[in-house]
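What you see is a predicted model, and the numbers here were worked out from it, not measured in a lab. Chain letters run A, B, ... following the sequence lines, proteins first, then strands; residues in each count from 1. Below, each value reflects all heavy atoms present in this structure, side chains not excepted, and no hydrogens, waters or symmetry copies.
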Amino acid sequence: MPTIIIDGQEIKCRKGIPVLQAALDAGMNIPHYCYHPGLSVVASCRLCLMEMKMPHPQTRELGWDPKLFPACQTPVKRGMEVRFNSEKVRESQRHLMEYYLLNHPLDCPVCDKAGECNLQDYAEQFGSATSRMVEQKQKNPKKDIGPHTLLYSDRCVLCKRCIRFVAEITGTGEMAVVNRGSRNEIDVFPGMPLDNPLQGNVVDLCPVGALLDKSFLYKQRVWLLRTTKSVSPADSRGQTIFIDHNENGIHRIRPRYNERVNEWWISDEARFGWHHVQREERLDQPRVRNSDGLRPERWEELPQVLRQRMQTTLGEGGGSELALILSPMMSCEEAWLLAKHIREMAPEATLVLGHVPIVGEDRTFPKGFVIKAEKCPNRRGVETIIEHFGGNTSTWSDFLAQAVEGKFKAACVVGGYTEEWVTKEVAAALAKVELLVVHDLFPSALDETAAIQIPSATWAEREGTFMNCDGLIQPFERAIPPLEGVKADGQFFYELAGETGLYRAKKVREMMAAELPQFAEVFIPCDVPRHAH
Amino acid sequence: MRDEDVIELREPELSAAERLYLPQIWDGVKCTVRHMFSIKLRNETVRQYPEDSRDTRGEVRVANYRGVHRLNKDPDGRVACVACLMCATACPVNCIHIEAGESPWPDREKYPVKFDIDELRCIYCGMCEEACPVDAIELTPQHDLVGRTRDEMIFDKEKLLHIYEETKALKPRKNPAITGYG
Amino acid sequence: MWDPAVKRVESILRNWRVWLAVIVVLPVLAAVVLWLALPLYKDPAANILSNPIWFPIIVAVVMLLSILTSTAVCILAERKLAGFTQDRKGPNRVGFWGLLQPMADGMKFFFKEDIIPHNVDKPLFMLAPCITLTISLIGFAIIPWAGDVHFDWMAAGETVSTQVASLNIGILYILAVGSIGVYGIVLAGYASNNKYSFYGGIRAAAQMISYELPMGLALLCLLLVCGTLRLEEIVNQQAQTGVWYVFVHPLPFLLFLTSVFAEANRMPFDLCEAEQELVGGFHTEYSSMKFAMFFLGEYAHMITGSAIMIALFFGGWHCWGLTSVENTAWWAMLIKLGVYIAKIAIFIWFFMVIRWTIPRFRFDQLMRLCWLALVPVGIVLLIATGVLSAVMDLQDGWNWLASLAVNVVVLIIMLAYAARSKTSITGRQGNMPDVDVRPT
């Protein structure tokens, strides 16, 4: 581990990383646009220039070299001494900022990047307050470059991160620099819009407001958003995300760095896979079937009603005619809590892993980013829990076959899928069940036969952990309160199990860890350095 | 902080009469009673509001009076606001609610689809006026604001633009700042 | 903007001539009604007025109604006086000189939305203002408004008392009722399910318990001299000797006065509703008529307190050369009542002057004032009066001067001690350490 001196401060760093990364890791605020740890280094923005001590050509004495070096392209070496706080470096930064702002429009009030824009920040921290530019500003056009993305060329600083991203990470290479000199601008090739399953990342990569997300355009100012750490339910990989939300609900999803899963990127499925949270049709109150159909019931009465109906349907005994279908959309804690409670009530109940949605095949990108075909976050976690409880278990297809034969008198079906999942076969099989309890997000064909219908909350309204396809257990936090009238799943299961008070996933996890030691620890990815972007 | 920056405050030494507290009460009562029976003081101090206000006396400072808001129009008669939400951000009581949208005009990016100010919640601090980069929101000298319901007191875009029409003769719009847009 | 009909009504109500006419017409109307009803009075058999059970009920109804009305007048007076002390004019829009303001206030209270928040203890929440108002009113039961009265239709020498109930435990009743008054406030604070309200209730309870003591001590000093608990007898004694007990016991009167301020939760003792700290204190969650009942309760409490204080220390209906125990004619009753009401008015004015003069105490000051000043003084006075009344009969002749002298001596000693002590009783707590704010 080499030790280098930055600004007179001794810093230990990993071998072979650029000086810029070492400085950022040490918490220094070094301006940079083109450098990104996930992309190749081009050293084109020149903002991270630094002074370095070099041997004098004649005397071999160490002294500050008159030339400035790009910190992003200089790997660390043992004993090297560099500085960013000299007058020379600061002057270079000031001139560069003036250059970047030459043609940049003064439209921060209407720019969606304002507030998290590095041009704003650096102009304030390293630039000067006034512009000497008297000529007409070069005004490049605004372009629609893909189904999800807009390009405001006039705001672009030509760091070419987006171009490197589509070339290196996705391998699709839709974007390039066209024209020369002051007319340099980013564009897509004609007839080849920016449309690949990872394209949303270019918006996050853009250090200024040149690339913008159409679905977030003009919706909110970023400083009005609050951020919650979460895990995407879009596929079984468990991509870590930030949910940006405020009192009006979720507004966007951004990638959260995760060294073991998705690094700096997320798939578009994860990025745009939150609109089901705001869908109109969502169930918003529990209903119980009476002689005149499904009628609203109060949450407080629900556990009692549920138990009573179970009792009358199953009668005394082990409850071998009861099936509990656990959805791979549930968190580990919820699955454990519910399975435990049902097993306590009916020790011979059958535990079933519900429908696992699979779309197409796994897709691997050049640098190793994988989008899974399995579109549910917690198949492995629920499997682990069913395995742990043992006893009567069944697979989804076996269960359906047995249900058609009428083996089950009662079934609790947990859904929570983001899309329509009840096929005709499923509906027909479950119609045979006398007491059908459905816990789901949206109305479905099951409602016709359901005896009790319980609304479920989306992942953004719950907390817990997902176990991804590689067995990594990652926690996610609650971003927004559940839809009015809906109780978070965990809270309901908690109350169903006879507990009182607030459901906390961590508390339940501690209870689980006594039986399932792998839940004692969860994986939380390390934070990115404060000034890196 | 240096030692000489420290100012030590000591409680004042009380005289014997002050410690008794009773003479002080007596003085207070005397003062109260004096004011209570002084019709002259009362008549000099009080102005009967609606009959004798600063409006009728022409004492209102139009330029910086902080009354009801208005939403200015640009020379083409369009709403001058660019929906940057600066005023909503600066507002200390969160009484401004804006919904931004893509503007229908080619020379502008954003414009407010909805612009609501809850005049009951507003404390008339003028922060919104300060924050506005295009001088679209301004406070007018209008102060006699009445309504029969709470909903009536939530002013929407049309109402705010209407107030501009009403007050532009009294207080013309300042030159808008140069921002590239709007 | 204004409806022309409304405008016309307003202009009529604003006209002082209308008011003058009303003031003239009302007594005339009353006289006519009395004249028409007079034959009824003349017949003793059919007359309920001579009945010792019915007469007090009539007194109760009349006084209750007039006191409830006068609380409204008190509120107007308070607002006017508040305006005057602050060089304002006070309410002057409704009716001539704002005289209809209490009616406007009352209508407003009636038509306001009555909010019962979620999560309050609903039965207690509803009950609390009722208790406050009721308790502050039932103190009236033992006030001897105008002594005994003899009507023409009665047998010679027979009189009825203008008191609702002549209780042999009169003063104990005052103490009991006074301390129950805090019950409504504590309940309101508790039922509101709001920490500010609860603080208000707790403060009220602590304050009440503390100020019961000096009140009781002051009353004991008085009892040692007058030897009876009946309020009407205390008043009669003062009327017969012509020496009001305030001259015999000036210091106990001061103790009692302070305690009445505290018990009525008036400034400077209104810590339980301290707006600056507790939003509204115990009535934060109340609105509409429930709030109005607290309001009425406070003013009714003030009137009761003044009436009791007058009965105990200021000779009740007695005024030298104007009223006497022997004169029991019906017109003398009216004079006595007038004297009593005038005294109450003066006291209420005093209450208001104090409210707009003295700022609210801090809680520790409040407690210190009670436990370190009023209670010790009360004990000393009690002992002194006890010794004195063992030595001589204070009711006799000029002996009351001895009691006055003792009071003066105690007052001088007390003032001398207070003037010598380091800080005033309401100042900074003596053993509070000096905090060094300098950074180390």
Side-chain angles (χ1 to χ4, degrees), chain B residues 1-53 55-56 68 120 142-153 166, chain C residues 1-2 77-78 80-93 98 113 251 254 257-258 261 267-268 349-359 361 365 368-369 373 411-412 414-430 432 434-440:
Chain B
M1 200 200 295
R2 290 166 306 170
D3 231 22
E4 52 265 35
D5 293 335
V6 177
I7 303 167
E8 275 194 45
L9 294 177
R10 287 263 155 251
E11 274 181 53
E13 282 287 315
L14 298 180
S15 71
E18 281 167 341
R19 279 200 288 270
L20 278 180
Y21 194 57
L22 294 173
Q24 264 56 41
I25 292 182
W26 177 243
D27 281 353
V29 170
K30 264 197 328 204
C31 177
T32 307
V33 172
R34 190 173 69 241
H35 282 270
M36 198 179 274
F37 291 110
S38 163
I39 296 167
K40 185 165 159 279
L41 262 177
R42 207 177 302 153
N43 286 337
E44 275 171 8
T45 318
V46 175
R47 254 186 222 179
Q48 293 296 318
Y49 162 65
E51 296 89 8
D52 176 19
S53 70
D55 286 334
T56 54
V68 184
L120 289 176
Q142 264 190 24
H143 53 79
D144 44 354
L145 191 61
V146 285
R148 285 172 198 273
T149 59
R150 283 168 199 272
D151 288 345
E152 209 175 287
M153 300 302 283
E166 272 181 6
Chain C
M1 184 166 189
W2 283 104
E78 175 102 275
K80 275 281 180 193
L81 287 187
F84 293 169
T85 36
Q86 294 158 7
D87 292 341
R88 290 184 288 110
K89 295 197 169 176
N92 63 349
R93 295 272 153 184
E113 185 185 359
L251 273 185
L254 277 179
L257 181 74
T258 318
F261 269 104
M267 276 282 221
W349 176 81
F350 180 68
F351 267 95
M352 287 172 184
V353 168
I354 291 295
R355 172 174 181 178
W356 297 108
T357 302
I358 305 179
F361 285 124
Q365 294 173 335
R368 218 137 14 93
L369 183 67
L411 183 70
I412 288 169
M414 188 181 82
L415 291 183
Y417 176 77
R420 276 176 53 85
S421 69
K422 237 178 98 183
T423 49
S424 73
I425 197 78
T426 51
R428 209 172 125 106
Q429 200 162 339
M432 217 184 254
D434 277 335
V435 184
D436 192 359
V437 292
R438 275 178 298 179
T440 47

Report task. Check C:Thr85, C:Ile358, C:Ile354 against B:Thr32 for a side-chain contact (heavy atoms from CB on, under 4.5 Å) and give me the one that passes. Result -> C:Thr85
Report summary line: Rounded to the nearest 0.5 Å, the OG1 atom of B:Thr45 sits from the NZ atom of C:Lys89 at a distance of 9.5 Å
Query - Gap between atom CD of C:Gln86 and atom CZ of B:Arg42 - 0.5 Å precision - result: 11.5 Å
Requested in this report: Tell me, for B:Val29 versus chain C, whether the close heavy atoms (under 4.5 Å) come from the side chain, the backbone, both or neither.
Outcome: both
Query - C:Arg93 versus chain B, the contacting section by heavy-atom distance below 4.5 Å - result: side chain
Query - Approximate separation, where rounding is to 0.5 Å, of C:Trp356 CH2 and B:His35 NE2 - result: 14.5 Å
Query - Straight-line distance of B:Ile39 CD1 to C:Asp87 CG, nearest 0.5 Å - result: 12.0 Å
